[in-house]
2 protein chains.
Amino acid sequence: MSKCEQCIVRQFNSLKALTKDELVRISSCKTSKTIKKGEILFEEGEHINGVFCVKDGICKVSKMSDNGRDQIVHLIKKGDLLGERSLINDEVSNLKAIAVNDMEVCFIPKEEIVRDLEKNPKFTMDILKNMASSLKNADNVIVDMAQKTVKQRLAATLLYLNNKFEKDTDGAIDVHLSREDIANIIGTATESAIRLLSEFKKKGLINLKGKQVFILDTQKLKDISTGF
Amino acid sequence: MSKCEQCIVRQFNSLKALTKDELVRISSCKTSKTIKKGEILFEEGEHINGVFCVKDGICKVSKMSDNGRDQIVHLIKKGDLLGERSLINDEVSNLKAIAVNDMEVCFIPKEEIVRDLEKNPKFTMDILKNMASSLKNADNVIVDMAQKTVKQRLAATLLYLNNKFEKDTDGAIDVHLSREDIANIIGTATESAIRLLSEFKKKGLINLKGKQVFILDTQKLKDISTGF
DNA sequence: ACCAAAAGCTGATAAATATCATATTTTTAA
DNA sequence: TTAAAAATATGATATTTATCAGCTTTTGGT
């Protein structure tokens, strides 16, 4: 079992605010898990009762809408924490998390880490800062969803993916989403997403090879996303 | 100048977690303001540098989208706090707040209340709980915006208004929004909102008298909003 | 009370998007 | 390896929504 004190991943999230002693305690109660592509980390309606610290891999966090379509609301990657909200309220999750590729995660039980929320103000403040930032971001997403066309949202999403993820050895964005996943991020029908991707490719803004996406013209995509 | 210790409004927000001493200090540095209908509390790009505690009235919090249309992301009413995020990060506001009717608010400067965030864990945790709850709510709004039709969103919005606000003496929802405001909540053109409101009225789900909205058939509206 | 401005309303039309159908390609599993 | 299943792609069409135009009603200021 690896040790949190020596784990570099915590530097990327709120766990960096924990003291050495706290990390040692967390280390001894956490469990490491390997989650294969397509497997579920947690489901809607489930009590998560802890946080996941993502050591490797990517997962999509989504919510089923009333009309039966999944909407992806977050993509979580290496270094991110997942499930902080379960520490704060006792409600079941309203979201579902599924691995997009093979993942390595550590699960820290709620009862162990909640103490730190109560006792370590630095940790609390860091969680708070992250939440404030997520909230600001969520407001922006709401505005985009409400006001932008599907084409604008696709352009914005491609830029977001391009920023958030590394490039693979071919130079493509290093997350391989299905066309359906992409449609479920921007909130449209899979066919519409496919059509617009083809259009962007034809115009030379992107290139597509299977699930690989290459961003060719950032500026033009930005123009499209802002309605220029 | 009224005293926070004796103000009932704080019971409805995180200020209830402050101690008597803290409240006395806040009392002495806060400023009371009257804001008339249509006046601006703060603008996009402004440093708020404090929180507003709403003693009376309603305001709309919105963000201008790239294509030049305002999207209302929150409605704030008596008892609510506004601007908590300014306490946590030092960024300028990404939102604008305008009074929907005459308001009574107290403004508490950031430097005075930030101490309490640092020293009073109960206060911090209450802010944190609210943020977690707002975040959950924001996820739900994103899903609705992305997946629901305009008609579904209008039905959902009417139910939300009906829940959130009291009834006036006639039995109408006690917030008088323009058709444009309603359109800017659901993220559609004003004409579309008007057309659908007329349709709902024709079907007997609601009644309209000027800016008064009467909810007549809650169940039917719920069915519409969930795509039943 | 009156006038100008704003808000509300309705119809016609255009544009965006979803849905359905079907073909092709890729992936998966036996 | 091969057959079945899933994913991708594209066309045709239907539905939803935005836009534009013109009109009526309401509101606010003097």
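Keep in mind that this is a model prediction, so the values were computed, not measured. Chain letters run A, B, ... following the sequence lines, proteins first and then strands; every chain starts at 1.
- Following rounding to the nearest Å, Arg179(B) (CZ) and dT10(C) (P) show an atom-to-atom distance of 10 Å.
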Checklist entry - Run the side-chain contact (heavy atoms from CB on, under 4.5 Å) check on Arg85(B) and Asn94(B) step by step: do they pass? => result CA-CA 10 Å; Arg85(B) 257 148 59 194; Asn94(B) 59 327; 3.1 Å; yes
Next on the checklist: Quick one, Ile35(B) with Asp102(B), criterion side-chain contact (heavy atoms from CB on, under 4.5 Å). Give me CA distance, side-chain angles, the key distance, then yes/no.
Outcome noted: CA-CA 6 Å; Ile35(B) 292 142; Asp102(B) 293 352; over 6 Å; no
Item to check | Derivation and outcome, side chain to side chain donor-acceptor pair (under 3.5 Å), residues Asn184(A) and Ser62(A) | outcome: CA-CA 9 Å; Asn184(A) 290 349; Ser62(A) 67; over 6 Å; no
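- In this structure, the side chains of Leu161(A) and Val213(A) stay at 4.5 Å or more apart for every pair of heavy atoms.
- At whole-Å resolution of the value, CD1 in Ile182(B) and P in dA7(C) are 14 Å apart.
- Helix bend of the helix from dA1(C)-dT30(D) to dA30(C)-dT1(D): the angle between its two end axes, each built from five pairs, comes to 60° after rounding to 10°.
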Item to check | Full working for side chain to side chain donor-acceptor pair (under 3.5 Å) between Ser93(B) and Glu44(B) | outcome: CA-CA 5 Å; Ser93(B) 175; Glu44(B) 281 183 60; over 6 Å; no
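- Salt bridge Lys222(B)/Asp66(A): absent, no basic N to carboxylate O contact under 4.0 Å.
- Taking atom NE2 of His176(B) as the reference point, atom P of dT26(D) lies 16 Å away to the nearest angstrom.
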Protein-nucleotides 10-14 of chain D N/O pairs closer than 3.5 Å?
| unit_1 | atom_1 | unit_2 | atom_2 | d |
| --- | --- | --- | --- | --- |
| dT10(D) | OP2 | Ser198(A) | OG | 3.2 |
| dG11(D) | N7 | Arg195(A) | NH1 | 2.9 |
| dG11(D) | O6 | Arg195(A) | NH2 | 3.1 |

Just the table, please: protein N/O against nucleotides 27-30 of chain C N/O, every pair under 3.5 Å.
none

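- Distance, Ile186(B) CD1 to dT17(D) C1': 11 Å, rounded to whole Å.
- Of the side-chain N and O atoms in Ser178(B), none sit less than 4.0 angstrom from OP1 or OP2 of dA7(C).
- Here the C1' atom of nucleotide dT17(C) and the CG atom of Asn67(A) are 14 Å apart, to the nearest Å.
- For the pair Lys78(A) and Phe12(A), the NZ or CZ position fails the cation-pi test of under 6.0 Å to the six-membered ring centre and within 45 degrees of the ring normal.
- In terms of position on DNA chain D, the residue among Arg69(B) and Glu180(A) whose nearest nucleotide sits closer to the 5' end is Glu180(A).
- Among residue pairs with one or both ends in residues 204-213 of chain B, those qualifying as side-chain hydrogen bond (donor to acceptor under 3.5 Å, both in side chains) are Asp168(B)-Gln212(B), Asp170(B)-Gln212(B); sequence neighbours excluded.
- Inter-residue side-chain proximity for His176(B) and Asn101(B) is flagged as unmet; no heavy-atom pair is nearer than 4.5 Å.
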Checklist entry - Between Leu221(A) and Ile206(A), does a side-chain contact (heavy atoms from CB on, under 4.5 Å) hold up when you go through it step by step? => result CA-CA 9 Å; Leu221(A) 285 171; Ile206(A) 62 172; 4.2 Å; yes
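- Residues Glu84(A) and Asn13(A) fail the side-chain proximity criterion, which asks for heavy atoms closer than 4.5 Å.
- Sorted by first and then second residue, the salt bridge (charged side-chain N to carboxylate O under 4.0 Å, His left out) pairs with a member in residues 186-205 of chain B read Lys151(B)-Glu199(B), Glu199(B)-Lys203(B); sequence neighbours excluded.
- Atom CD of Glu199(A) is separated from atom C1' of dT17(C) by 13 Å (rounded to the nearest Å).
- If you measure from atom CG of Leu197(B) to atom P of dG8(C), you get 10 Å, rounded to the nearest angstrom.
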Next on the checklist: Would Lys63(A) and Asp139(B) count as a salt bridge (charged side-chain N to carboxylate O under 4.0 Å, His left out) here? Give the steps.
Outcome noted: CA-CA 8 Å; Lys63(A) 179 175 153 73; Asp139(B) 284 342; over 6 Å; no
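- Taking side-chain N and O atoms only, Ser192(B) has no distance below 4.0 Å to OP1 or OP2 of dT17(D).
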Next on the checklist: Evaluate Ser14(A) against Asn130(A) for side chain to side chain donor-acceptor pair (under 3.5 Å), listing each step before the verdict.
Outcome noted: CA-CA 8 Å; Ser14(A) 297; Asn130(A) 277 324; 2.9 Å; yes
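- The distance between atom CG of Leu208(A) and atom P of dA9(D), rounded to the nearest whole Å, is 7 Å.
- Within the 4.0 Å cut-off from OP1 or OP2 of dA7(C), not a single side-chain nitrogen or oxygen of Thr190(B) is found.
- Scanning residues 146-157 of chain B for heavy-atom distances under 4.0 Å to DNA chain D yields Thr149(B), Val150(B).
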